[in-house]
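If you read the sequence from its start, that first residue is 1, and numbering goes on from there. Computed from heavy atoms alone, side chains included, the values below leave out hydrogens, waters and symmetry copies.
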Amino acid sequence: VTLRYEYGAAHAKALPRLVRSYARASAPLRTSEARWRAWLPQIAFGRAWLSRELQWDAYTVRSGATYEDCRGRHIISQGGYYQYDFGFQGAFRDPLQHMLPMIYADPSLARDVLLYSAQEQPRGGQIPYAMSELCRPYKFGNADDLDVWLLLAASEYGLATRDFKLFDSRIPFAGGGSGTLWDHLKLAFHHQQSLLGSHGGYLALDTGDWSDFSTSFLQMTESTLVDAQAAYIYPRLALLAQARGDHAFASALRQAGRQALQTTRAQWTPSGWYARGYAGDAQIGTGAIFGEPQPWAILAGAQDRGRARTLVANIRRFLTGEGAPAQLHGPARFGSAQSPAADDPAVTEHSHPSTGAIG
């Protein structure tokens, strides 16, 4: 006798229908396996382990999708105890990162994540750090990069799918009222620009940027990382605005993108990398390379060929450990770090307390 069990959560009225549906399935496991096999990327890189890793990564991202009844949309969460212990959907940026490959592999899922995320935005502009169970705002503090992730996800989706009609869809604002998805994106842009600080970086607010607690560990007040992100994202959103015929918005985006690119270029340090930001008037990241802003600066085209070679060499030396002194036991076996080894003799800058991004 083979027994099969359903597990999950659903409204009581829906349970009988779900049970009947799965009870009629003769071989649900084999059917599921066949559908996954047909969807997974089948690419040969000449290294079998790399092809398997790509399939595993694709599976783990898409299998993280769940349906959020409180919004009527699917979301790709962090999973783990965040999702299944207390219904945590965050940070706001995380599902928007997870959906990017789905734009090409599962566009309908990517669309759902985008629409789900836009509904978290209030009319005031400051997007909550995350959602907890039943779409309740999670009070954790404010971050300065949430708008740019919404803009990146929207621009990538629109440019890839050419689904321009989606941006005319009416989407609720958190707290009441509604606007088109395009209205939400314009609000995100204007709110992001309201966070510009005295050095041209974006104000770090309570929790900083992509690296949580950079305000505490680095005493960061302005973030170069977000400048580099804006320098890459704004011109891409401008292409979408141009395609939709919103020439005024496209012009504003390009102008802001040029300013962000200029600010990013100005953060090039004599050591051969881009600084991390500011703590008051003190620049962070002159005596140690921080990994976060470097790839975004490269994507934005902030460097010429010479600086590009220097930057890549420094990433390999300080973050991957290639050519590092023997006492550091490099190079790294699994990818690169976000910051260099604390005992690297060429590192002259350390965070306080020492448990932060640089030991």
Does Arg93 reach the main-chain N or O of Leu146 with its side chain, forming a donor-acceptor pair under 3.5 Å?
no
Full working for salt bridge (charged side-chain N to carboxylate O under 4.0 Å, His left out) between Arg276 and Asp209
CA-CA 11 Å; Arg276 181 66 175 87; Asp209 49 31; 2.9 Å; yes
Is there a donor in the side chain of Tyr129 and an acceptor in the side chain of Asp212, or the other way round, less than 3.5 Å apart?
yes
Can you confirm whether the side chains of Thr60 and Asp57 place a donor and an acceptor under 3.5 Å from each other?
no
Once side-chain hydrogen bond (donor to acceptor under 3.5 Å, both in side chains) is applied, what residue pairs with a partner in residues 158-176 remain, sequence neighbours excluded?
Tyr157-Asp163, Asp168-Arg244, Arg170-Ser178
Can you tell me how far apart CD (Glu133) and CE (Met131) are? Round to the nearest 0.5 Å.
11.0 Å
Return yes if a side-chain donor-acceptor contact under 3.5 Å exists between Gln338 and Trp210, otherwise no.
no
Does Phe88 have its ring centroid less than 6.0 Å away from the ring centroid of Tyr81?
no
Working to the nearest 0.5 Å, report the span between OH of Tyr202 and CD of Gln193.
3.5 Å
From the options Ile76, Leu109, Val113, select the one residue that forms a side chain to side chain contact (heavy atoms under 4.5 Å, CB included) with His98.
Ile76
Would you find a donor on one side and an acceptor on the other, under 3.5 Å apart, between the side chain of Gln192 and the backbone of Asp144?
yes
Hey, what do you get for OH (Tyr234) to CD (Gln259), rounding to the nearest 0.5 Å?
11.5 Å
Check for a donor-acceptor pair, side chain of Asp227 on one end and backbone N or O of Thr263 on the other, with a separation under 3.5 Å.
no
Just by modelled atom types, is the Val226 backbone N or O under 3.5 Å from a matching donor or acceptor in the Ser223 side chain?
yes
Between Gln89 and Tyr82, a side-chain donor and acceptor under 3.5 Å:
no
Applying a strict under-4.5 Å side-chain criterion to I, L, V, M, F, W and Y, I'd like to know whether Ile127 and Leu152 cluster together.
yes
Between Met220 and Leu205, is there a shared hydrophobic cluster once you connect ILVMFWY residues whose side-chain heavy atoms come closer than 4.5 Å?
no
So disulfide (SG to SG under 2.5 Å) across residues 60-104, not counting sequence neighbours, yields Cys70-Cys135
Separation between CZ of Phe217 and OG of Ser211, rounded to the nearest 0.5 Å
10.0 Å
Taking atom types as modelled, is there a side-chain donor on Asp147 or His190 under 3.5 Å from an acceptor on the other?
no
Main-chain N/O of Thr286 paired with Thr269 side-chain donor or acceptor, under 3.5 Å:
no
Could you grab the distance from atom CZ of Phe45 to atom CZ of Arg52, nearest 0.5 Å is fine?
13.0 Å
For the ring pair Phe213 and Phe140, is the centre-to-centre distance below 6.0 Å?
yes
Are the side chain of Asp94 and the backbone of Ala91 linked by a donor-acceptor contact shorter than 3.5 Å?
yes
If you group Ile, Leu, Val, Met, Phe, Trp and Tyr by side-chain heavy-atom gaps below 4.5 Å, do Val148 and Phe167 land in one group?
yes
Assigning hydrophobic clusters by single linkage (Ile, Leu, Val, Met, Phe, Trp, Tyr; side-chain heavy-atom cutoff under 4.5 Å), is Trp56 placed with Leu50?
no
Backbone N or O of Arg136 within a donor-acceptor pair of the Ser132 side chain at under 3.5 Å?
yes
Honestly curious: do Tyr138 and Phe92 fall in one hydrophobic cluster under the side-chain, below-4.5 Å linking rule?
no
Do His247 and Gln242 get their side chains close enough for a donor-acceptor pair, meaning under 3.5 Å?
yes
Point-to-point distance, once rounded to the nearest 0.5 Å, from CG of Leu150 to OG of Ser155:
9.5 Å
Give a yes or no answer on whether the side chain of Trp39 reaches the backbone of Ala105 with a donor-acceptor pair at less than 3.5 Å.
yes
